[in-house]
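The chains referred to below are lettered A, B, ... by the order of the sequence lines, with proteins before strands, and numbering in each begins at 1. Note that the structure is a prediction, hence the values are computed from the model and not measured.
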There are 2 protein chains.
Amino acid sequence: MSDRRPVLVCENPSIDEALEAVRMAISGRKILIVAGNCSVDYHGRASSTLESGERILMIKEDSSLLVHRPKGYEPVNWQPPGCLYQTGKKGDALVIRAVRSKPHEVITVSFDRVYFASVLSLTDRGEFSLHASEEDMQRAILFQPSIIEEGLKPITYEKKVEPGFIDVYGIDKDGKMVVIEIKRKTAGREAALQLARYVESLKPTSNREVRGILASPQIAKGVQKLLATLRLDFKPLDPRRCAEILRDVETRKLAEFFQRTNRSPT
Amino acid sequence: MSDRRPVLVCENPSIDEALEAVRMAISGRKILIVAGNCSVDYHGRASSTLESGERILMIKEDSSLLVHRPKGYEPVNWQPPGCLYQTGKKGDALVIRAVRSKPHEVITVSFDRVYFASVLSLTDRGEFSLHASEEDMQRAILFQPSIIEEGLKPITYEKKVEPGFIDVYGIDKDGKMVVIEIKRKTAGREAALQLARYVESLKPTSNREVRGILASPQIAKGVQKLLATLRLDFKPLDPRRCAEILRDVETRKLAEFFQRTNRSPT
DNA sequence: GAGTGGATTTCGCAT
DNA sequence: ATGCGAAGTCCACTC
């Protein structure tokens with residue numbers, strides 16, 4: 001075990017001691033956690049004030065800042081990575097100012113009481129992987145178009161047309177053009193209208209018929225009717241199932257690779 | 001000064017000690033902060049895995065959960081308020097499982113090393129107020145329609161039409177119908193197309209001319225041309241300016257109130 | 001409970 | 001740099 005001390009904790013520090021810890025953390029690009037009584041002001045894209053109360057402040061290695069109240073998933077105030085800090089005392093308060101330049105935004109946190117300050121030096125090289133995103137659904141359709149319908153031949157994806165980008169574009173078994181709009185969750189009006197615009201924008205480019213297919217796990221209440229009116233199809237498609245298909249594809253690729261290279265997978 | 005101890009900190013605890021702290025915090029609905037080496041698995045709307053690394057776990061009074069890496073504004077994994085916890089040891093690891101029921105989602109955090117665990121009991125009754133939101137812009141237009149154009153008479157707001165809700169709806173100085181679409185930041189293609197849909201959906205309901213006005217601080221590159229094609233107007237409107245107008249309105253209301261009640265404001 | 005749209009959205013990718 | 005759309009988005013509000 002190494003003898004490095006990844007964590008320093010200072011309980012019930014004076015404002016001066018807390019200021020010292022804050023400065024060490026910021027200049028050393030460490031993680032800082034402070035719990036105490038503070039007020040917060042923000043000016044930038046909008047403005048906000050937060051009256052005095054007990055909260056947790058976190059400043060990370062990349063200088064991003066979070067102020068968390070005792071409840072709620074979201075921080076009440078924050079600053080994204082890449083801002084500069086000014087720290088000091090104003091009267092008996094510890095003041096931390098985080099300034100971002102583009103757009104110009106300033107957060108000021110004033111602590112009149114600090115319960116603890118902690119400086120952490122953490123190492124995190126672990127890989128993060130997420131499955132069942134909309135991109136996974138798109139890739140699954142491209143690898144295995146039959147999950148939409150038999151005979152579908154994808155031509156391109158992320159095709160640019162006037163109103164935006166078509167998720168998947170191809171030809172069906174009868175030679176008709178097909179536009180597929182993918183949603184990873186229940187598709188609402190907006191999705192149907194977007195698909196309709198794509199279909200409309202493609203019609204002038206071809207004398208073939210153009211079909212629109214909305215692929216999502218579910219459609220919202222009134223949207224069935226809207227799809228019928230707009231002459232669009234719906235294909236139920238589960239993002240989890242798509243993730244499975246991709247996993248199978250990856251597994252097969254791996255097997256082929258190891259077969260080619262005459263090794264066996266661990 | 002009160003003698004309550006709002007913060008308990010446990011440095012370099014054993015896994016058993018950490019487990020005890022975690023259970024105290026969760027059962028007592030306190031805030032828990034743990035720093036240590038962990039891995040995280042998530043299954044629910046999607047799935048994710050996060051390999052071993054040093055992170056900070058925070059569980060709040062309302063049972064929301066955050067896992068923060070040393071960098072980045074966003075948590076790498078999380079659980080919104082209202083989930084249930086199972087805690088225990090699996091081998092030599094401290095395991096915390098947070099289960100949400102609707103939708104069904106499970107996060108599992110396994111710590112094999114804990115640098116510190118802290119249990120906090122924070123009180124925060126401070127009021128938070130935010131200015132210069134899109135709603136502020138809407139209210140400013142309703143209070144002072146001349147910031148859009150002279151002679152404008154707002155009729156309703158949040159008016160339901162087929163594709164969605166019109167931000168502000170009224171009549172201009174020539175008696176034409178006016179639909180206003182508000183964006184608090186640079187308006188893109190989507191905003192223009194949305195406004196166009198609103199205008200189209202209103203045309204059949206009246207034999208008056210229907211004008212569409214896009215009100216935002218700026219418009220994106222190609223959108224000027226798109227607006228011209230769609231015969232829509234653009235009115236530059238700064239959210240900060242709108243917030244000022246509202247502040248003035250509030251000040252005037254206050255003044256009137258104190259005049260009526262024969263008191264003077266503090 | 002579902003649907004709809006805003007957000008100091010953030011983030012990532014492509015132009 | 002700007003534009004554009006996804007997100008385990010979250011959240012508040014309406015129906």
Side-chain angles (χ1 to χ4, degrees), chain A residues 40-48 64-67 72-83 98 100 102-107 128 130-138 158 160 163-167 181-191 194 218-223 239-240 243, chain B residues 40-48 64-67 72-82 100 102-107 128 130-138 158 160 163-167 181-191 194 218-223 239-240 243:
Chain A
V40 186
D41 280 272
Y42 159 74
H43 293 280
R45 286 168 290 180
S47 299
S48 74
S64 52
L65 177 151
L66 304 166
V67 179
Y73 153 85
E74 293 182 319
V76 60
N77 281 108
W78 69 91
Q79 200 72 286
C83 50
R100 188 189 186 192
K102 227 180 142 20
H104 185 70
E105 299 185 286
V106 182
I107 286 204
F128 176 75
L130 178 71
H131 313 282
S133 62
E134 182 173 311
E135 189 188 345
D136 281 355
M137 295 176 73
Q138 187 187 73
E158 299 297 328
K160 177 93 180 80
F165 289 85
I166 291 173
D167 290 332
E181 173 69 23
I182 303 167
K183 289 291 166 214
R184 64 176 301 288
K185 45 183 186 176
T186 306
R189 253 177 200 72
E190 209 57 39
Q194 194 173 0
Q218 224 183 337
I219 45 175
K221 194 97 77 60
V223 180
R240 305 294 294 265
Chain B
V40 186
D41 280 272
Y42 158 75
H43 292 281
R45 285 168 291 179
S47 298
S48 73
S64 50
L65 176 151
L66 305 166
V67 179
Y73 152 85
E74 292 182 318
V76 60
N77 281 108
W78 69 92
Q79 200 72 286
R100 188 190 187 191
K102 228 179 146 14
H104 186 70
E105 299 184 287
V106 182
I107 285 207
F128 176 74
L130 177 70
H131 315 282
S133 62
E134 182 172 313
E135 191 188 345
D136 281 354
M137 294 176 73
Q138 187 187 73
E158 300 296 327
K160 179 94 178 76
F165 290 86
I166 291 175
D167 290 333
E181 174 69 22
I182 304 167
K183 289 292 167 212
R184 65 176 301 289
K185 46 182 185 177
T186 306
R189 253 179 198 70
E190 209 57 40
Q194 194 172 358
Q218 223 183 338
I219 45 176
K221 196 100 72 61
V223 180
R240 305 295 294 266

*Would you mind reading off the distance between E105(B) atom CD and dC10(D) atom C1', rounded to a whole angstrom?*
12 Å

_Closest-nucleotide 5' rank along DNA chain C - winner of V223(A) and E74(B)_ = V223(A)

_Donor-acceptor pair under 3.5 Å, Q79(B) side chain vs dG8(D) base_ = yes

*Give a yes-or-no answer on whether the side chains of N77(B) and S48(B) include a donor-acceptor pair shorter than 3.5 Å.*
yes

_Could you check whether any side-chain heavy atom of K185(B) comes within less than 4.5 Å of a side-chain heavy atom of R45(A), counting everything from C-beta outward?_
no

_Comparing A187(A) and R100(A) on DNA chain C - which has the more 5′ nearest nucleotide_ = A187(A)

*When you match G72(A) and R189(B) each to their closest nucleotide on DNA chain D, which lands nearer the 5' end?*
R189(B)

*Would you kindly give the CD1-to-P distance between I166(A) and dA6(D), to the nearest whole Å?*
13 Å

*Do W78(B) and the base of dG8(D) stack face to face, with centres under 5.5 Å apart and an angle between planes under 30°?*
yes

*Could you check how far CG of D136(A) sits from P of dA7(D), rounded to whole Å?*
9 Å

*Taking heavy atoms of chain A and a 4.0 Å limit, find me the 5'-most and 3'-most nucleotide of DNA chain C within that range.*
dG3(C) to dT10(C)

*Could you tell me the separation between the CE atom of M137(A) and the P atom of dA6(D), rounded to a whole number of Å?*
12 Å

*E135(B) CD to dC11(D) P: how many Å, rounded?*
18 Å

